[in-house]
Amino acid sequence: MARSTTRPVVKLKSTACTGVTYVTRKNRLNDLDRLVLRKYDPVAGAHVLFREER
C-alpha cells in the first residue's frame, strides 16, 4: 500500500533572529498543537527554539 502523499510541508523559523529557516515534511511527533521545536541554529551556534509558520 502506498503512503499518503498529502504530508504537509512545515516551515520553521529561528527565534534567535538569525534568519535561519528549516523546511520539514512534518513534525515526527504528530502533535498538531506544538508550534515550536528545538533545533540547531548554525548562525547562533546553539540549539534554539524554531517557531512554525503555518
Result of checking L35, V36, V20, T24 against F50 for side chain to side chain contact (heavy atoms under 4.5 Å, CB included):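 Result: among L35, V36, V20, T24, V20 is the only option passing the side chain to side chain contact (heavy atoms under 4.5 Å, CB included) with F50.
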
Y40: what forms a side chain to side chain contact (heavy atoms under 4.5 Å, CB included) with it, not counting sequence neighbours?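 Side chain to side chain contact (heavy atoms under 4.5 Å, CB included) check on Y40 returns P42, H47.
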
Tell me every residue that passes side chain to side chain contact (heavy atoms under 4.5 Å, CB included) with T15, counting only those two or more places apart in sequence or in another chain.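 T15: side chain to side chain contact (heavy atoms under 4.5 Å, CB included) contacts with L49, R51.
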
Results of side chain to side chain donor-acceptor pair (under 3.5 Å) for T18 - residues two or more places apart only: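 Expected list: D41.
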
